[in-house]
Amino acid sequence: MLQVYFGSDQIKVRQRAHLAIDNILTEDKEFIRIEADNYEVGQLSSLSKALSLFSPYAVYMIESPSTEEIFHQDFIDSLEDLSNSEHTFIVIEQELPASDKKAITKFATIVDEFKKSVDAKFNPFGMTDALALKDKRTLWMLYQEAKQNGLSAEEIVGTLWWQLKSIRLSAVTKSP
C-alpha cells in the first residue's frame, strides 16, 4: 500500500502522515524510516518484496525522496512495486511537479496535497510558544518550516533566545 502526503504546508503534511502512521501501526507491525541521507540504490524495490524477521508486515516512512536525485528517480521507478506490496509505504514530500503527481496518483491509494495560503507569512513566534510549552515535536516542525521559509539562523536563534531569557526571568522573580 502506498500513501503520499505532499505540499507547501509541511506542518499539515507531517501531521497527516504521522496520524496515518499512528492509525496503521500496531504491535504486529514494524516501523522503519527511510531518509535521503542513508538511502541506498535499489532499497525501495527490495523493501517492497522483503520479509521481516520480527513481524509479518512493516510500515515504512519515506522522507522527502526529491531531495536526492537518485532517491527520487528510484522512488518514481518503484511506484508500482510499492503500491502492490503487502507492506505500507507512507511518503512525506514537498511540492511535486505535475508529471510526478500524475505518476503517483496512478499507483497510490491516498494522495493528499496541502497548500499554504499565499498571503500567510511564517510567524517565528510560534516556535517560542512551543518552547515555553516544552513541546519538542511542534518546535522541531516549526523550526523546519522556518528554515524552509528562508529565515536566517540569526532570526531563529534570536527569537528562541528571547523566549529562554523570558522563561528564566519569570523563574527567578516573584511576579511575572
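Fair warning: this is a prediction, and the values are worked out from it, not measured in the lab.
- In this structure, CD on Gln10 lies 12.5 Å from CG on Leu142, to the nearest 0.5 angstrom.
- Residues Glu93 and Pro65 are in side-chain contact: their nearest non-hydrogen atoms beyond the backbone lie under 4.5 Å apart.
- Placement of Ile11 and Leu151 within a single hydrophobic cluster is found when ILVMFWY residues are connected by side-chain heavy-atom separations under 4.5 Å, directly or transitively.
- Legend: residues meeting salt bridge (charged side-chain N to carboxylate O under 4.0 Å, His left out) with Asp81, ordered by chain and number and at least two apart, are Lys49.
- Between Tyr60 and Leu44 the shortest side-chain heavy-atom distance does not fall below 4.5 Å.
- Both Leu131 and Trp161 belong to a common hydrophobic cluster when Ile, Leu, Val, Met, Phe, Trp and Tyr are linked at side-chain heavy-atom distances under 4.5 angstrom.
- No side-chain heavy atom of Lys29 sits less than 4.5 Å from a side-chain heavy atom of His87.
- Contact check for Leu79 versus Ile104: side-chain heavy atoms found under the 4.5 Å cut-off.
- Gln73 contributes atom CD, which lies 9.5 Å from atom OG of Ser78 (distance to the nearest 0.5 angstrom).
- Within a 6.0 Å radius of CD in Glu95, other residues, nucleotides and ligands contribute more than 12 heavy atoms.
- Between Asp112 and Ile110, the shortest heavy-atom contact is OD2-CG2, 3.9 Å.
- Within a 6.0 Å radius of CD in Glu80, other residues, nucleotides and ligands contribute 12 heavy atoms or fewer.
- Looking at heavy atoms from C-beta onward, Gln43 lies in side-chain contact with Leu47 at the 4.5 angstrom threshold.
- Counting non-hydrogen atoms of neighbouring residues, nucleotides and ligands closer than 6.0 angstrom, the CD1 atom of Ile70 reaches no more than 12 such neighbours.
- Taking 4.0 Å as the cut-off between side-chain N and carboxylate O, Arg14 and Glu63 count as a salt-bridged pair.
- In this structure, Thr67 and Asp37 have side chains that are not in contact, with every pair of non-hydrogen atoms separated by 4.5 Å or more.
- Side-chain contact of Gln94 with Ser64: a donor-acceptor pair under 3.5 Å is absent, judged by distance alone.
- Residues Ile90 and His18 fail the side-chain proximity criterion, which asks for heavy atoms closer than 4.5 Å.
- We find the CZ-CG distance between Arg137 and Leu139 to be 13.0 Å, quoted to the nearest 0.5 Å.
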Give the intermediate values and the outcome of side chain to side chain contact (heavy atoms under 4.5 Å, CB included) for residues Met127 and Ile156.
CA-CA 9 Å; Met127 292 187 302; Ile156 296 169; 3.8 Å; yes

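- Salt-bridge check for Arg33 with Glu35: passed, with a basic side-chain N closer than 4.0 Å to an acidic carboxylate O.
- Proximity of a side-chain donor or acceptor of Thr138 to a complementary backbone N or O of Asp135 within less than 3.5 Å is not detected.
- Interatomic distance, CG of Asn149 versus CD of Glu155, reported as 11.0 Å (0.5 Å rounding).
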CA sep, side-chain torsions, deciding dist, call: Ile34, Phe71, side chain to side chain contact (heavy atoms under 4.5 Å, CB included): CA-CA 10 Å; Ile34 303 170; Phe71 189 17; 4.0 Å; yes

| request: Start with the C-alpha gap between Phe31 and Met61, add the side-chain angles, then the distance that decides, and say whether side chain to side chain contact (heavy atoms under 4.5 Å, CB included) holds. | output: CA-CA 8 Å; Phe31 176 74; Met61 184 172 85; 3.9 Å; yes

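- Val111 and Ile21 are assigned to two separate hydrophobic clusters, defined by single-linkage of ILVMFWY side chains at heavy-atom distances under 4.5 Å.
- Leu2 and Ile24 fall into different hydrophobic clusters, where Ile, Leu, Val, Met, Phe, Trp and Tyr residues are linked whenever their side-chain heavy atoms come under 4.5 Å apart, directly or through other members.
- Between the side chain of Ser85 and the backbone N or O of Ser48, at least one donor-acceptor pair lies under 3.5 Å.
- Looking at Lys115 and Asp9, no side-chain N of the basic residue comes within less than 4.0 Å of a carboxylate O on the acidic one, giving no salt bridge.
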Quiz prompt | Audit row: His72, Ile76, side chain to side chain contact (heavy atoms under 4.5 Å, CB included) steps and yes/no | solution = CA-CA 6 Å; His72 178 70; Ile76 295 298; 3.9 Å; yes

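- Without hydrogens or angle criteria, Gln144 side chain to Met141 main chain gives no donor-acceptor distance under 3.5 Å.
- Annotation: side chain of Ile92 is not in contact with side chain of Ile62 (no heavy-atom distance under 4.5 Å).
- Separation of atoms OG1 (Thr88) and OH (Tyr57) is listed at 10.0 Å; rounding is to 0.5 Å.
- There is no side-chain donor-acceptor pair under 3.5 Å between Glu145 and Tyr143.
- Cluster annotation: Leu160 is connected to Trp140 through the hydrophobic network of ILVMFWY side chains, with a link wherever side-chain heavy atoms come within less than 4.5 Å.
- Rounded to the nearest 0.5 Å, atoms CD (Gln163) and CG (Asp129) are 7.0 Å apart.
- In terms of heavy atoms, Tyr5 sits closest to Val13 at O-CG1, 3.4 Å.
- Between Trp162 and Phe125, the ring planes are perpendicular. Angles over 60° get that label, and only those under 30° would be called parallel.
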